[in-house]
Structure formats: structure tokens, C-alpha cells
Amino acid sequence: MKLTVLGNTGAYPGAGGACSGYLLEEGHDKIVLDMGAGTLANLQTVCSFKAITAIVLTHLHWDHVSDLYVLQYALEMAHQKITLYAPQNPEEDYKRLTQMDAFDVKPITEALTFSIGQLKFSFCEMKHPVQDFAVKIDNGKWTFMYTGDTALCDALKSFASGTHAMLCDASFIEKEGTDKHLSVYEAVDVANAAGVRHLVLTHFRPDVRPQKYFEIANDLFKGRVSKAEIMSVINL
């Protein structure tokens, strides 16, 4: 599995930046995980939007979905439709997605599992102000997990078990996160306890350099640490 970082900040993009969005590739399959502001332009430096196999949204906050509303125009012009997996709440936001002709929208629940090529997908609800699902992706040899946005919770600790590589919300450089997001210290603690081998930090504040998060985590994490820098390619 190969991960390309299309965007890495929370709430809003900094100058020249982009909010959360990632391209996961396995063979010919290209899965987009979240699609925040600025990610569509970055995606097209890697591949055509027409090459997307499916899109998975962890939650429906605007900094994770806003470029979908632009992508719909591109897909309509190309007479193409893409499968989109998304949480059903907030209901009005989910309904808005289902009304777009460019997407074949399927609801995410904790019971949902599906396969795309060699990749098997499963989900677990996290702790966030809106419904938010972490996604785990297994190719038969390696398990990758993306936390989406989450505060520290038992569900996160449990779902992280058995994960080889984890792309993790690490919004704060303080010791403790909030009831919405993890701190980098909490991200490291969860990853260490779960036996994660490769921790990829993301969802940075636009006014804090990713290197600062990396330096904190690299001193504490038992395995390999990467920081999600825009357009970086990470082999998982």
C-alpha cells in the first residue's frame, strides 16, 4: 500500500496548504480518504480524478469534505460516477451528498465491511462532535488504519490493536488533547499500546510546523514515525 498526502491540516488550510485528504493505492485501485479544501488540485498532480476507484469519508465536517462539492462538477462534465462511502449523520449533510448525481453514496456503519481488489475495509465509530469513523484497511499482509478526527476513547484504543501502520489525528502539541481531537502525546500512547509499527501524524494546526509534531513523537514512539507533509509519498 502506498499513501500520498493530499492535505494535512485541520479546520482550515494555511497559505499554499490543504486540509485533510489522502490517496491510498494498491495495485490499480486508488482510494481517496477524505477530501478537504485544496485536495482535488493536489490529487490531479498524481492522477486524474477519473482514475479514483472510490472515496471514503471519515466524517462530514467541511475541512474533510469541501472539495467533493467541486469534484462533482468535474465528474458531471466527464459523465462519470464514483462510489462514495460516508457516515449518515449529520442527516442534512448526508442527504446533500445523496442528491449529487456524481456520487453513488453508501452509508458507513460499524457493521459495514467491503472489499476493493485486495483491500478489505472495516470501520469503528470514534469520539467527535459529529459521527466519525476510523477505517481499517487490510491487504492480507499489512493492516493500515486512519483514525479520522477523534478524541481519546476506548474505541480508538481497541480498534488500533493489530494495526501495522496508523495515520493518526495529532492536532495538538500540548500533553492532552480535547474532547474533539488527540494531542501528539496521546497519539503516541495509543500507537505504542497497540503495537503499531509505523505512526503517521496528521491533522496539524496550520500555524504549527509538522516538524514540531515529529520531534515530539520521535522521542516517544517505539517504532517508525512519519509526518504527513503535503504531496509526500509514504510506503506503508
Side-chain angles (χ1 to χ4, degrees), residues 1 3 6-7 10 19-26 29-37 39-40 43 49 52-69 71-72 75 81-139 143-163 165-169 180-182 190 200 202-203 236:
M1 286 184 280
L3 187 74
L6 307 177
C19 289
S20 293
Y22 313 90
L23 174 65
L24 183 70
E25 297 178 81
E26 173 84 353
D29 293 311
K30 301 180 187 300
I31 317 299
V32 174
L33 305 173
D34 289 341
M35 205 166 199
T39 55
L40 178 56
L43 171 71
F49 63 85
I52 298 172
T53 309
I55 299 170
V56 176
L57 303 179
T58 59
H59 66 295
L60 302 183
H61 272 157
W62 292 104
D63 58 329
H64 288 251
V65 306
S66 61
D67 268 18
L68 286 174
Y69 294 91
L71 176 61
Q72 70 168 319
L75 291 171
K81 198 165 191 169
I82 290 178
T83 301
L84 171 67
Y85 296 90
Q88 297 177 84
N89 289 294
E91 291 182 7
E92 62 273 19
D93 294 326
Y94 181 77
K95 183 178 180 180
R96 190 179 295 114
L97 292 175
T98 65
Q99 293 172 339
M100 297 182 191
D101 291 335
F103 304 115
D104 178 16
V105 182
K106 300 182 182 297
I108 293 175
T109 68
E110 287 197 331
L112 176 67
T113 60
F114 61 87
S115 295
I116 296 176
Q118 299 299 312
L119 301 176
K120 296 181 179 180
F121 292 73
S122 58
F123 299 87
C124 183
E125 188 165 355
M126 297 287 104
K127 181 182 179 182
H128 201 54
V130 300
Q131 190 176 42
D132 186 300
F133 289 90
V135 54
K136 190 176 284 187
I137 305 169
D138 191 329
N139 69 356
T143 301
F144 165 71
M145 174 180 163
Y146 171 36
T147 65
D149 287 2
T150 186
L152 191 63
C153 60
D154 290 340
L156 171 63
K157 297 174 185 178
S158 176
F159 199 54
S161 179
T163 298
M166 183 165 69
L167 176 64
C168 191
D169 177 353
K180 300 177 182 179
H181 296 283
L182 296 169
V190 169
V200 184
T202 194
H203 208 270
L236 301 170

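If you're wondering where the values come from, they're calculated on a predicted model, not measured in any experiment.
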Chemist: Rounded to the nearest 0.5 Å, how far apart are CG of L33 and OG1 of T39?
Modeler: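 Interatomic distance, L33 CG to T39 OG1, rounded to 0.5 Å: 11.0 Å.
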
Chemist: Just to verify, what does E125 make a side-chain hydrogen bond (donor to acceptor under 3.5 Å, both in side chains) with, not counting sequence neighbours?
Modeler: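 For E125 there are no side-chain hydrogen bond (donor to acceptor under 3.5 Å, both in side chains) partners, ignoring immediate neighbours.
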
Chemist: The test is side-chain contact (heavy atoms from CB on, under 4.5 Å); show your working for Y146 and L24 and say whether it passes.
Modeler: CA-CA 11 Å; Y146 171 36; L24 183 70; over 6 Å; no

Chemist: Would the Y85 and F121 ring centres measure less than 6.0 Å apart?
Modeler: no

Chemist: One pair to check against side-chain contact (heavy atoms from CB on, under 4.5 Å): H203 and D63. What are the steps and the verdict?
Modeler: CA-CA 10 Å; H203 208 270; D63 58 329; 3.7 Å; yes

Chemist: What's the separation between atom CZ in F49 and atom CG in L75, rounded to the nearest 0.5 Å?
Modeler: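 Between atom CZ of F49 and atom CG of L75 there are 6.0 Å.
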
Chemist: Taking the side chain as every heavy atom from C-beta outward, state whether L68 and L57 have any pair of such atoms under 4.5 Å apart.
Modeler: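 Of all side-chain heavy-atom pairs linking L57 with L68, at least one is under 4.5 Å.
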
Chemist: Is T150 reaching over with its side chain to a backbone N or O of K127, donor-acceptor style, under 3.5 angstrom?
Modeler: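 Checking the backbone N and O of K127 against the side chain of T150, a donor-acceptor pair under 3.5 Å is found.
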
Chemist: At their closest point, which heavy atom of A37 faces which heavy atom of S66, and how far apart are they?
Modeler: N-OG, 3.0 Å

Chemist: Could you grab the distance from atom CE of M1 to atom CG of L236, nearest 0.5 Å is fine?
Modeler: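 Output value for this atom pair is 6.0 Å.
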
Chemist: Hey, are the side chains of P87 and L60 touching, using non-hydrogen atoms and a 4.5 Å cut-off?
Modeler: yes

Chemist: Indicate whether the side chain of H61 and that of D149 have a donor and an acceptor atom separated by less than 3.5 Å.
Modeler: no

Chemist: For the OG atom of S122 and the CG atom of D138, what is their distance to the nearest 0.5 Å?
Modeler: 8.0 Å

Chemist: Taking CD in Q118 as the centre, count heavy atoms belonging to other residues, nucleotides or ligands within less than 6.0 Å. Is the count above 12?
Modeler: no

Chemist: For the NZ atom of K30 and the CD atom of E25, what is their distance to the nearest 0.5 Å?
Modeler: 3.5 Å

Chemist: What's the separation between atom CD1 in I52 and atom CG in L23, rounded to the nearest 0.5 Å?
Modeler: 7.5 Å

Chemist: Judged by atom type as modelled, is there a donor-acceptor pair below 3.5 Å linking the side chain of T202 to the main-chain atoms of L167?
Modeler: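 A pair under 3.5 Å: no.
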
Chemist: Using the six-membered ring wherever Trp is involved, compare the ring planes of W62 and Y69 and label them parallel, tilted or perpendicular (cut-offs 30° and 60°).
Modeler: tilted

Chemist: For a 4.5 angstrom cut-off between non-hydrogen side-chain atoms, does N89 reach V130?
Modeler: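 No; the side chains remain at least 4.5 Å from each other.
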
Chemist: Any luck finding a side-chain donor-acceptor pair between D34 and T58 under 3.5 Å?
Modeler: yes

Chemist: Under 3.5 Å, which donor-acceptor pairs link side chains of residues 91-101 to any protein atom two or more places apart or in another chain?
Modeler:
| from | atom 1 | to | atom 2 | distance (Å) |
| --- | --- | --- | --- | --- |
| D93 | OD1 | R96 | NH1 | 2.7 |
| T98 | OG1 | K95 | O | 2.6 |

Chemist: I'd like to know if the side chain of Q88 reaches the main chain of P107, judged simply by a donor and an acceptor atom lying under 3.5 Å from each other, with no hydrogens or angles considered.
Modeler: no

Chemist: Would you check if L156 and L182 make a side-chain contact, meaning some heavy-atom pair closer than 4.5 Å?
Modeler: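 Sidechains of L182 and L156: in contact.
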
Chemist: side-chain contact (heavy atoms from CB on, under 4.5 Å) with M35: which of L84, L71, V65?
Modeler: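 The passing option is L71.
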
Chemist: Verify side-chain contact (heavy atoms from CB on, under 4.5 Å) between Y22 and L6, making sure each step is shown before the conclusion.
Modeler: CA-CA 5 Å; Y22 313 90; L6 307 177; 5.7 Å; no

Chemist: Hey, is the main chain of F159 close enough, under 3.5 Å, to the side chain of K136 for a donor-acceptor pair?
Modeler: yes

Chemist: Between D169 and H181 (side chain of the first, backbone of the second, donor and acceptor by atom type, cut-off under 3.5 Å), is there such a pair?
Modeler: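 Such a contact is absent between D169 side chain and H181 backbone.
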
Chemist: If you compare all heavy atoms of I116 against all heavy atoms of A54, which two are closest, and at what distance to 0.1 Å?
Modeler: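 Heavy atoms only, the tightest pair is CD1-CB, 3.8 Å.
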
Chemist: For V190 and C168, run side-chain contact (heavy atoms from CB on, under 4.5 Å): C-alpha distance rounded to whole Å, both residues' side-chain angles, the deciding distance at 0.1 Å, then the answer.
Modeler: CA-CA 10 Å; V190 169; C168 191; 6.0 Å; no

Chemist: Between F133 and L112, is there a side-chain heavy-atom distance shorter than 4.5 Å?
Modeler: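 They are not in side-chain contact.
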
Chemist: Do H128 side-chain atoms and K180 backbone N/O form a donor-acceptor pair below 3.5 Å?
Modeler: yes

Chemist: Please report the shortest heavy-atom distance between T147 and M126, naming the atom on each side.
Modeler: O-CG, 3.8 Å

